[in-house]
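The next block holds one structure in the form of structure tokens; read it before the comments.
Only this structure's heavy atoms are used, side chains among them; waters, hydrogens and symmetry mates stay out.
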Amino acid sequence: MAISEQDWQEEQGRVTEVTGKIGRKISELEADVGGIREEVIEMRKDFWDEVTVNFSNPDDLGETSTNLRQQSQVLSERERAHLQSSKLLKKYRKLVDSPYFGRIDFQEDGWPETESIYLGTGSFMDEDMETFLVYDWRAPISSLYYDGAPGPAQYETPSGMVTGEMLLKRQFVIHDAKIQVLFDTGMTIGDELLQQVLSHSADDRMKSIVATIQKEQNAVIRNDKTRMLIVQGAAGSGKTSAALQRVAYLLYKYRETLRADQMILFSPNPLFNSYVSTVLPELGEDNMQQTTFQSYLEFRLGKEFDLEDVFTQTETLLNEEDSPEYKARLEGIAFKSSGAYLDTIRRYKELLEKEGMLFKPAVFQGKVIVSSDEMAAQFYSYDSAVKLAGRIDLMKEWLLKRLSEFAQQEKSAPRVEEKIDLLDSEDYQRAYQTMRRKQNSKETTFDDFEKERDILAKMVVSDSLKPIRRWIKRYRYVDVSGMYRKLFQDEALFRRAAGNTGSLPKYWEQICNLTVQALHEKRLMYEDATPFLYLKELLQGFRTNTSIRHVIVDEVQDYSAFQLEFLKRLFPRAKMTVLGDLNQAIYAHGEELGSLENLVSLYGEEETEVINLTQSYRSTHEIVEFTRQMIPGGDRIVPFNRSGEAPQVIPVKDEAALEQAVIQDIAELHAQGYEYVAVICRTDEESRRVHRQLSESVQVRLITKNTPAFEKGTLVVPAYLAKGVEFDAVIIYNGSEEVYRRESDRKLFYTACTRAMHRLHIYHVGEKSRFIPDSTN
């Protein structure tokens, strides 16, 4: 709706007034921050000068301790004040350029006055500290801006629902304290503003645009009632952005009880972590913890095994479809990722409570301290009412006692005498200090040969046995690898653990051979890593993290049912938000997640809410219309009305022509102002080859699973690493039937094409892929 010149001038006058007040506040804070900083530096420098240190008697020692504590508390308080003022200063420096983006006029039922509410990325109060000149976008009343239109409206507060009428909704674009765009709208968020935002170029970092949050995204952001929130969204629907803004909202609403380090994001790869790393700081919040599921597996199992990651697994399957092991590997991945296999592992643990536990012998320099059979006998001698992990703990104490008995015997061994002769002066000094402590006498001399020899022998033996003592304390005597391997060596045992509920998976013999061979070589295939760790924790006791209060899982379609169950158990006190698109389930195990119903079953219907995001904002109308034809149910995806050039499907006669066409295309796209161009290939192998070829003519950068961050320019990237990010233009290097022909390639191809914001060019040598809609040229 057009704005009158008078309204425009009045609004600009208010912007000038508010930014002036923010500027004055910035000046005050700069002086305050500088003063506190100098004070903290001086306090750190003079810390010990302010403390009287006296250790001569217990009373003086107590006084010294009190002085230290007091000085430390004063220093900590000033450091907290400096941190708080610095964060406030950072927020105001952002606001002074663009203090707000929206205004709503709201009249509460029963109140005669109409209140004008201005919304920005942070709140700002007038000098009287009673009047909000700018409301934070996360404040309860701000939900009216995202959810409502002029007319009857309501919003929820901690004290209940507030009802009334929205009389006006106005949107701004402000830069350098000058209004650039201003209009009234009856819509949730005006198309004009969203069009302007979406027409911009891509970036190497995800941007947080709170001014254009849509109603359905706002429902994701402000949902805080359910234990599990599932966000199923089409490509480009803003799932990840909404999730990060959700984190900012929760940190704002529960700022007294929730910290950023109590929230964790599981992202698809390290590259994605870099891509989203600036969103929360832009919103004035500290970054939460960010990791990948693979990183956690490496942390827990990386010292024992060479762990395969999901990218290596995928690359293997994409390149070895003609190998004799291919079908067996696929079937093994599907089974080991399933809920049925999870139940098998649980039942196997129940069987082990009665029989079949395997242990590694405790051996020192070729001498068996405790044999495997002795350990098994000891384990099953405990009361069966004691849980399995409890019996493992009892065994640890028993083994440590046996080790102490062995150490006592070992003191007289000839090799101990030899080692004593080789001790240096530091070792003798350590033994002497030990003797002094034991006798508690300042007059002790090291002249009793028998005592000297006994102490030195104990020291030598104790040092020698440290590795095995550590081995026991870390439960390494439990042969988890042997028990996991036995499942695939003893079919009768496996059938018992599986509950004799049906036939074994197809290619069972080959699956067993692949699994046993990998374990023999100290390797864990990706599909075995989580089940193996789960069995390990069933036997040794679960490591849980009770400090994490909220878990966010992005690209949840790439997780197996087994992995999600493991995360649920790992974070028992946490709520969970999972985001995904089942149409982008490009990994073999992702198919086992199957449907939303399986996700809902994780916590149950009563504790779960599902929000579907069907509107796609990333790509132009033409690109969305094109890509949604590639997948079943694509007609439910709604393109945003932003027009652009139709996708191009370009046939070329051979590889040489393909290379030249792509080189020319890259140059033209950059000339047209597109700064982020992706050449997307099917596999890492193809990406490396294409990168070598293109590098001879144009500047391109290869993206691998180890690439830490995106950079501006032309990137060559395998499709499975492009997931979650976006580019100005996408070139599908060879979208031929020969390259993308299997049904399992459909979602991979769809994922690659939906990375494009403005331009999509698909080249093909020979027949085009069956996934390219027939309506194209």
Side-chain angles (χ1 to χ4, degrees), residues 300-305 344-413 415-416 458 461-494 496-497 512 515-516 518-524 528-529 531-543:
R300 294 299 310 278
L301 298 171
K303 291 181 181 178
E304 295 179 61
F305 296 98
T344 297
I345 296 294
R346 286 170 172 163
R347 279 191 289 264
Y348 185 34
K349 175 252 184 183
E350 293 172 2
L351 292 176
L352 290 171
E353 289 177 338
K354 302 178 181 66
E355 59 178 334
M357 283 290 293
L358 299 179
F359 298 96
K360 299 175 186 177
V363 180
F364 176 69
Q365 295 183 353
K367 185 183 292 187
V368 176
I369 302 172
V370 186
S371 70
S372 302
D373 290 341
E374 284 182 280
M375 290 185 189
Q378 181 67 24
F379 177 84
Y380 288 110
S381 72
Y382 295 124
D383 190 332
S384 60
V386 179
K387 291 184 178 179
L388 190 149
R391 283 186 262 174
I392 295 291
D393 266 333
L394 290 173
M395 276 195 69
K396 180 179 72 173
E397 301 306 318
W398 174 73
L399 284 170
L400 289 172
K401 184 178 178 182
R402 289 287 300 270
L403 185 63
S404 295
E405 294 169 358
F406 176 80
Q408 190 67 25
Q409 299 167 10
E410 189 70 10
K411 283 194 303 179
S412 59
R415 60 174 169 266
V416 174
K458 281 183 179 178
V461 172
S462 178
D463 286 349
S464 299
L465 292 177
K466 273 183 181 177
I468 195 163
R469 190 177 293 111
R470 190 162 52 245
W471 180 84
I472 291 171
K473 288 182 177 180
R474 293 177 179 175
Y475 303 101
R476 300 296 293 274
Y477 53 90
V478 183
D479 189 2
V480 182
S481 182
M483 285 180 279
Y484 191 81
R485 181 169 54 244
K486 194 173 180 181
L487 269 180
F488 297 91
Q489 292 175 318
D490 185 339
E491 184 176 314
L493 173 64
F494 190 92
R496 288 174 63 201
C512 291
T515 306
V516 171
L519 289 169
H520 178 71
E521 296 170 356
K522 300 296 287 181
R523 292 185 296 110
L524 265 184
D528 282 310
F532 183 93
L533 183 56
Y534 190 74
L535 176 62
K536 182 183 177 76
E537 297 209 335
L538 284 173
L539 299 177
Q540 299 177 0
F542 268 85
R543 289 193 191 184

What's the spacing between [X] [atom1] and [Y] [atom2] if we round to 0.5 Å?
{"X": "Glu397", "Y": "Arg402", "atom1": "CD", "atom2": "CZ", "value": "14.5 Å"}
{"X": "Lys349", "Y": "Glu537", "atom1": "NZ", "atom2": "CD", "value": "13.0 Å"}
{"X": "Met483", "Y": "Leu539", "atom1": "CE", "atom2": "CG", "value": "5.0 Å"}
{"X": "Thr344", "Y": "Leu351", "atom1": "OG1", "atom2": "CG", "value": "10.5 Å"}
{"X": "Leu487", "Y": "Tyr348", "atom1": "CG", "atom2": "OH", "value": "4.5 Å"}
{"X": "Arg476", "Y": "Lys303", "atom1": "CZ", "atom2": "NZ", "value": "9.0 Å"}

Subject >> Pairing of Glu350 and Arg346 as salt bridge, 4.0 angstrom limit >> reply: no
Considering all heavy atoms, the nearest [X]-[Y] contact:
{"X": "Ala389", "Y": "Gly541", "result": "CB-N, 3.7 Å"}
{"X": "Ala407", "Y": "Leu465", "result": "CB-CD1, 3.6 Å"}
{"X": "Leu301", "Y": "Ala529", "result": "CD1-O, 3.6 Å"}

Is any side-chain heavy atom of [X] less than 4.5 Å from a side-chain heavy atom of [Y]?
{"X": "Leu394", "Y": "Phe379", "result": "no"}
{"X": "Thr515", "Y": "Arg485", "result": "no"}
{"X": "Ile392", "Y": "Phe359", "result": "yes"}
{"X": "Phe532", "Y": "Ser481", "result": "yes"}

Counterpart residues, salt bridge (Lys or Arg N to Asp or Glu O under 4.0 Å), relative to [X] (two or more places apart):
{"X": "Arg474", "result": "none"}
{"X": "Arg496", "result": "Glu355"}
{"X": "Lys396", "result": "none"}

Original post:
Just wondering, are more than 12 heavy atoms of other shown residues or ligands nearer than 6.0 Å to NZ in Lys522?
Top reply: yes
**OP:** State whether the number of non-hydrogen atoms from other residues, nucleotides or ligands found under 6.0 Å of Arg543 atom CZ is greater than 12.
**Re:** no
Original post:
Do we get Lys360 above Tyr477's six-membered ring, with its NZ or CZ under 6.0 Å from the centre and within 45° of the axis?
Top reply: no
Original post:
Does Lys536 offer a backbone N or O that forms a donor-acceptor pair with the side chain of Tyr484 under 3.5 Å?
Top reply: no
Original post:
Taking only residues two or more places apart in sequence or in another chain, which ones pass side chain to side chain donor-acceptor pair (under 3.5 Å) with Arg391?
Top reply: none
Subject >> Residues which pass side chain to side chain donor-acceptor pair (under 3.5 Å) with Gln540, listed by chain and number, not counting sequence neighbours >> reply: none
Subject >> From Val363, Leu399, Ile468, residue fulfilling side chain to side chain contact (heavy atoms under 4.5 Å, CB included) relative to Ile369 >> reply: Ile468
**OP:** Please assess Leu519 against Phe488 for the test side-chain contact (heavy atoms from CB on, under 4.5 Å), listing each intermediate value before the final yes or no.
**Re:** CA-CA 11 Å; Leu519 289 169; Phe488 297 91; 5.6 Å; no
Original post:
Which pairs, with at least one residue in residues 379-390 and sequence neighbours excluded, count as a side-chain hydrogen bond (donor to acceptor under 3.5 Å, both in side chains)?
Top reply: Gln378-Tyr382
